[in-house]
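Worth knowing before you read on, the calculation uses all heavy atoms, side chains too, and leaves out hydrogens, waters and symmetry mates. The structure displayed is predicted, hence computed values, not measured ones.
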Amino acid sequence: MHEHLPALAAKVATALANKSEYFVTQPVELRILQGMSEAEIKDFGSSHGWRVVRRLGGRQIEFYNDAGERPL
């Protein structure tokens with residue numbers, strides 16, 4: 001599943017370049033993230049400067065631009 005992370009990262013980055021949040025609700029995208037631990041998802045988000053929030057019992061994952069998470 002981790003081989004699909006670059007494509008998901010590109011999609012999230014494109015969406016966050018145009019608006020302040022990106023909601024992952026597509027089953028394929030959710031499957032990629034659900035195969036990861038909470039720490040891996042958090043690290044994935046913070047490595048791109050995003051804050052990650054899980055909603056609806058993990059059925060929806062949200063990414064937000066987070067200035068505090070931006071890599072230097």
**Prompt:** What pairs meet the salt bridge (charged side-chain N to carboxylate O under 4.0 Å, His left out) rule with one or both residues in residues 13-23, with sequence neighbours excluded?
**Reply:** none

**Message:** Can you list everything that forms a side chain to side chain contact (heavy atoms under 4.5 Å, CB included) with Val24? Sequence neighbours excluded, please.
**Reply:** Tyr22, Glu29, Leu30, Leu33, Ile61, Phe63

**Request:** Take Lys11 and Thr14, measure what side chain to side chain contact (heavy atoms under 4.5 Å, CB included) needs, and give me the verdict at the end.
**Result:** CA-CA 5 Å; Lys11 185 172 182 180; Thr14 300; 5.9 Å; no

**Message:** Given 3.5 Å as the limit, does a donor-acceptor pair link the side chain of Asn65 with the main chain of Leu16, or not?
**Reply:** yes

**Asked** Can you name the side chain to side chain donor-acceptor pair (under 3.5 Å) partners of Glu62, sequence neighbours left out?
**Response** Arg55, Gln60, Tyr64

**Request:** With sequence neighbours excluded, tell me which residues meet side chain to side chain contact (heavy atoms under 4.5 Å, CB included) with Ser20.
**Result:** none

**Asked** Can you name the closest pair of heavy atoms from Gly35 and Glu40 and give their distance?
**Response** O-OE1, 4.5 Å

**Fill in**
So CG of Leu5 and OG of Ser47: to nearest 0.5 Å the spacing works out to 9.0 Å

**Request:** Please identify each residue that fulfils side chain to side chain contact (heavy atoms under 4.5 Å, CB included) with Ala13, with sequence neighbours left out.
**Result:** Trp50

**Request:** May I ask whether Val12 and Phe23 are part of the same hydrophobic cluster, defined by side-chain heavy atoms of I, L, V, M, F, W, Y residues being less than 4.5 angstrom apart, directly or through others?
**Result:** no

**Request:** Could you check Arg54 against Ile41 for side chain to side chain contact (heavy atoms under 4.5 Å, CB included), going step by step and ending with a plain yes or no?
**Result:** CA-CA 10 Å; Arg54 282 184 174 254; Ile41 294 172; 2.8 Å; yes

